[in-house]
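Labels below follow one simple rule: chain letters A, B, ... track the order of the sequence lines, proteins then strands, and each chain is numbered from 1. What's counted below: heavy atoms across the whole structure, side chains too, no hydrogens, waters or symmetry copies.
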There are 2 protein chains.
Amino acid sequence: MLDVSQLQLDDSSTTPIYRQIANWLTLRIQNGELGMAGRLPATRELAGLLKVNRATVSAAYALLEESGLIEGHVGRGSFAIRPISPAPPAQTLDWSTVLPATQPAEAAPALGSIRINFGSSRPNGQAFPLPAIRECARQVLDGPEASEVLQLGSSYGYGPLRRYLLEGAGNEGIARPNDEVMVTNGCQQALDLVSRVFSSISGGVALEDPSYHGLLRVFSRQNLPIWPIPVTAEGLDLAALEETLVRHRPRLLVVTPSFQNPTGATLPLSSRKRLLKIAESYGVVVVENDIYSQLRYTGEAIPSLKQLDATGNVILLRSYSKIAFPGLRVGWVIAPREMISRLAEEKHTADLHSDQLSQAVLLRFAQSGELARHLEQTCQAGAERLKTAFEACQRYLPTRAKFTRPEGGMSLWIELPAPLRTDAVLERSRELGVDFLPGRTFSLSNSHQRAFRLCFGGLAPDCIETGFRLIGEAITAELASHEARKFVEPAMALV
Amino acid sequence: MLDVSQLQLDDSSTTPIYRQIANWLTLRIQNGELGMAGRLPATRELAGLLKVNRATVSAAYALLEESGLIEGHVGRGSFAIRPISPAPPAQTLDWSTVLPATQPAEAAPALGSIRINFGSSRPNGQAFPLPAIRECARQVLDGPEASEVLQLGSSYGYGPLRRYLLEGAGNEGIARPNDEVMVTNGCQQALDLVSRVFSSISGGVALEDPSYHGLLRVFSRQNLPIWPIPVTAEGLDLAALEETLVRHRPRLLVVTPSFQNPTGATLPLSSRKRLLKIAESYGVVVVENDIYSQLRYTGEAIPSLKQLDATGNVILLRSYSKIAFPGLRVGWVIAPREMISRLAEEKHTADLHSDQLSQAVLLRFAQSGELARHLEQTCQAGAERLKTAFEACQRYLPTRAKFTRPEGGMSLWIELPAPLRTDAVLERSRELGVDFLPGRTFSLSNSHQRAFRLCFGGLAPDCIETGFRLIGEAITAELASHEARKFVEPAMALV
């Protein structure tokens with residue numbers, strides 16, 4: 001029999017009462033205290049004993065039922081421990097019975113059929129400074145730190161790299177006195193770890209719409225409300241943000257203020273200041289995804305949110321992936337100590353720590369001045385690519401098409417005029433050997449059906465020019481087929 | 001007003017009905033379809049409209065309330081969309097209001113006070129073959145693959161390493177025809193990704209007791225029942241396993257058959273066969289954590305569960321961390337294609353892919369024969385360390401202490417006789433400069449209060465000898481204080 005006097009419910013806990021009850025009952029059942037096929041008290045009865053609402057008990061029982069511990073009828077309020085049943089006959093495991101159902105993956109174009117791929121936001125591999133990276137690797141493995149680099153490390157990251165990053169951030173006015181740094185496997189892992197820490201944050205999370213698909217994937221895994229905030233050519237729509245904050249009170253906002261992926265949009269200085277005011281007013285934690293800002297090809301640099309912030313509620317994410325080598329998985333987070341310590345706990349659970357050879361090699365690459373040299377060349381090449389892309393937009397896109405005009409980064413966002421739809425244009429483009437990601441990929445509601453993202457950062461100017469020309473051909477063919485359909489339909493009706 | 005005729009409940013879905021209702025309502029509220037401060041139907045009313053139990057609706061509303069979307073009274077069944085409230089006054093963010101509460105970290109000994117650390121299951125860094133690893137890194141960065149290694153890669157892992165691992169596993173009779181391989185950031189990430197894929201597996205997960213603390217951390221993050229199965233000197237207790245399977249029907253079992261961490265216990269061949277029969281009978285997915293089996297110092301090798309398995313329900317986890325360099329984060333999973341494809345989806349969300357420089361360097365290290373050479377030396381050194389540890393156990397531990405007698409791996413499990421308790425001995429040992437992890441670290445229920453783990457793998461024989469001697473002194477002092485207390489107490493009572 002269940003002795004409920006042992007159960008201490010804690011109103012001040014962040015764990016809801018029904019979950020406290022479920023956790024306690026799980027232990028009782030697990031310890032065999034209810035017998036092999038015992039019954040649980042009826043929901044009404046347990047509610048009375050615990051002095052809670054019956055529905056709270058129902059919610060606790062629903063959790064236990066979901067985990068297969070008990071079975072019964074929620075409506076009737078009567079539940080039993082799952083009884084012993086005979087072993088099923090031996091068989092080869094049918095994985096579909098144990099794996100949760102997922103959406104089927106999107107059909108990809110046939111391998112080898114794509115000659116020009118605007119689909120991936122990555123740097124130009126042909127420009128990688130191989131001699132410099134070779135020399136950095138040699139120095140690391142010849143140096144006194146070699147054994148330490150190969151040995152088990154810290155969840156916070158490789159010490160010398162962390163010191164270098166935090167000092168640099170201090171000198172730039174980015175790191176505040178209470179800030180700490182943690183190394184991650186690129187920005188993707190930083191986003192994933194943030195989502196783990198905030199998996200039950202009150203009010204959910206506000207994300208840009210459109211948003212980088214990897215960011216949508218991370219937050220849609222969590223059982224959190226997601227509030228999409230439109231991104232205009234001038235970055236996040238702050239009026240829409242404020243409306244969402246007033247109505248739904250999300251406590252977390254993820255924003256990419258510079259050269260946003262996918263739109264390339266950049267938030268002007270005045271808007272950054274206003275965004276911080278808004279975040280401060282509503283007590284919102286701001287995650288600043290800042291992996292593109294150093295890829296500025298024209299115009300003036302704008303301070304990051306983290307630099308402008310006076311209240312300490314900005315979490316800054318940076319990475320070497322876009323400015324150097326995505327194959328070396330090294331990014332980092334700068335945030336108040338309290339936050340970094342939670343992230344480090346999650347990091348420890350997720351994979352102990354990041355690879356140390358790459359951390360040590362990239363530290364040498366940065367310290368030696370080779371990173372700055374490489375970045376300068378990348379920005380020169382980027383300026384040329386961007387110019388080629390703009391000219392190609394004007395030459396090959398329909399006059400009513402819209403496209404963003406970023407001053408850096410890796411991608412452009414194009415919106416086609418009606419009746420064109422991206423999926424049809426994409427199908428024709430792939431037949432011509434050109435691939436890109438359709439706009440719907442960057443939303444959770446399958447919107448942006450006329451939009452698409454073109455990543456120009458990793459492609460040579462002649463590839464960009466040819467790619468746009470072929471997309472232009474695909475658009476022309478698609479428009480012609482629309483005209484043909486218009487013409488055919490009335491003729492059919494006459495029969 | 002809510003038009004519930006649009007809501008299609010799917011009985012066959014793995015998503016419970018109450019969650020389907022909650023998801024649908026979230027979207028309606030998010031889209032503003034219920035107005036800025038609208039009300040939800042009473043639980044009874046909505047239950048009637050949807051033809052479900054009222055408690056199912058209550059559970060759905062409880063979820064919405066938890067995410068801050070609605071507020072009301074579960075008991076009364078009346079709920080309203082959270083109304084607009086004025087912005088709170090500006091303030092510096094108090095992180096404790098947004099970060100979920102966690103348990104305070106265990107107090108660690110003062111930095112620098114520990115001379116001999118038995119606490120970490122890691123290899124001896126002084127034996128790392130630096131010239132060989134230098135040469136491998138040089139070859140990778142001088143070779144034709146250098147740019148590919150530095151560029152964005154695949155969630156499945158670096159192609160040439162995957163082919164090498166899968167071919168090797170095929171030759172060893174480990175990989176079955178339907179199997180695939182995926183690279184992870186060491187075994188820790190493999191465990192974390194497995195837990196993500198199975199975060200809602202029916203019946204929960206069975207884990208060894210005691211178990212590696214990193215494994216406990218991974219699974220206790222998920223909202224899953226965890227069933228501890230005792231580990232004896234002969235490995236997992238199969239009778240206890242079967243009883244748990246009969247009673248609770250967990251569909252997932254994580255087991256370390258060779259040189260288990262922390263006990264060092266190894267499952268004999270006959271038990272492995274029986275374990276597979278049991279797993280087959282109950283349709284259980286077996287995760288085989290096999291990162292120590294190559295560290296065998298004496299005795300005959302035993303085939304892995306994956307080698308013995310005929311039904312395809314074993315997921316094999318391996319890693320270069322224990323047999324080579326933990327600072328290079330490279331492990332891998334071999335499992336049926338269906339499972340690997342789910343793991344790769346989670347990997348893609350978690351951090352895109354593993355670091356490619358380390359993957360390419362370790363591939364060369366393995367292919368060149370240097371790994372085999374290093375492993376041979378590691379096993380020779382391990383045999384000496386193990387012998388030293390056994391002799392020290394006999395010399396310095398109380399006669400009634402028990403200790404495991406592994407034939408390899410990195411750790412010993414010691415159980416002290418009453419009245420000794422590990423925490424008291426640990427405190428005294430730390431004062432003498434020796435650290436280790438207490439038994440309770442390896443359980444979720446704070447058990448194993450008289451046990452502790454000693455990792456000998458990374459320590460030189462004279463360190464092992466000295467460390468045991470000092471622990472022996474700590475034990476002697478602790479026993480003396482018990483005697484003194486016994487003596488003092490009656491004396492005090494006479495006053």
Side-chain angles (χ1 to χ4, degrees), chain A residues 14 16 26 53 55-56 58-59 62 66-68 74-75 84 87 90 92-93 95 98-101 122 125 128 130 134 137 141 146-147 149-153 185 188-189 192 202-203 217-218 225 246 251 280-281 285 311-313 325-329 338 342 349-352 355-358, chain B residues 14 16 26 53 55-56 58-59 62 66-68 74-75 84 87 90 92-93 95 98-101 122 125 128 130 134 137 141 146-147 149-153 185 188-189 192 202-203 217-218 225 246 251 280-281 285 311-313 325-329 338 342 349-352 355-358:
Chain A
T14 55
T26 298
N53 288 309
T56 307
S58 292
E66 205 182 336
S67 62
V74 172
I84 297 167
T92 300
L93 187 72
W95 283 84
V98 282
L99 289 169
R122 62 182 195 175
F128 287 156
L130 295 177
R134 248 171 236 149
L141 291 170
S147 287
V149 164
L150 298 174
Q151 186 54 283
L152 197 66
N185 308 333
Q188 183 72 35
Q189 189 184 40
D192 192 61
S202 136
R217 246 186 357 253
V218 161
V246 167
R251 296 293 299 272
E280 188 186 359
S281 301
V285 174
T311 52
N313 57 356
F325 317 106
L328 308 188
R329 307 294 306 139
E338 299 87 333
R342 294 305 175 88
T349 302
D351 63 1
L352 297 185
D355 192 276
Q356 296 199 130
L357 178 55
S358 286
Chain B
T14 55
T26 299
N53 288 309
T56 306
S58 291
E66 206 182 335
S67 62
V74 172
I84 298 168
T92 300
L93 187 71
W95 283 84
V98 283
L99 288 170
R122 61 181 195 175
F128 288 155
L130 294 177
R134 247 171 236 149
L141 291 169
S147 287
V149 165
L150 298 174
Q151 186 54 282
L152 196 68
N185 308 333
Q188 183 70 35
Q189 189 184 40
D192 192 61
S202 135
R217 246 189 353 254
V218 161
V246 167
R251 296 292 300 273
E280 188 186 0
S281 301
V285 174
T311 53
N313 57 358
F325 317 106
L328 308 188
R329 307 294 306 139
E338 298 86 335
R342 292 306 174 87
T349 302
D351 64 1
L352 298 185
D355 192 275
Q356 297 200 128
L357 178 56
S358 286

Nearest 0.5 angstrom please: B/Arg342 CZ to A/Leu99 CG, how far? 5.0 Å
Under a 4.5 Å cut-off applied to non-hydrogen side-chain atoms, are A/Thr349 and B/Asp192 in contact? yes
Contact between B/Val149 and A/Phe325 at the side-chain level, heavy atoms closer than 4.5 Å - yes or no? no
Write down the atom of [X], the atom of [Y], and the distance for their closest heavy-atom approach.
X        : Y        : value
A/Gly125 : B/Ser147 : O-OG, 3.7 Å
A/Gln151 : B/Phe128 : N-CE1, 3.8 Å
B/Trp95  : A/Val285 : CH2-CG1, 3.9 Å

Between chain A and each of B/Leu141, B/Leu352, B/Asp355, count heavy-atom pairs under 4.5 Å; write down the option with the most. B/Asp355
Under 4.5 Å from any heavy atom of chain A - which part of B/Arg217: both
What part of B/Leu150 gets closer than 4.5 Å to chain A, counting heavy atoms only: side chain, backbone, both or neither? both
Give the member of A/Ser358, A/Gly153, A/Ala350 that has the highest number of heavy-atom pairs under 4.5 Å with chain B. A/Ala350
Answer yes or no: is there a donor N or O on one side and an acceptor on the other, between the side chain of B/Arg329 and the main chain of A/Asp351, under 3.5 Å? yes
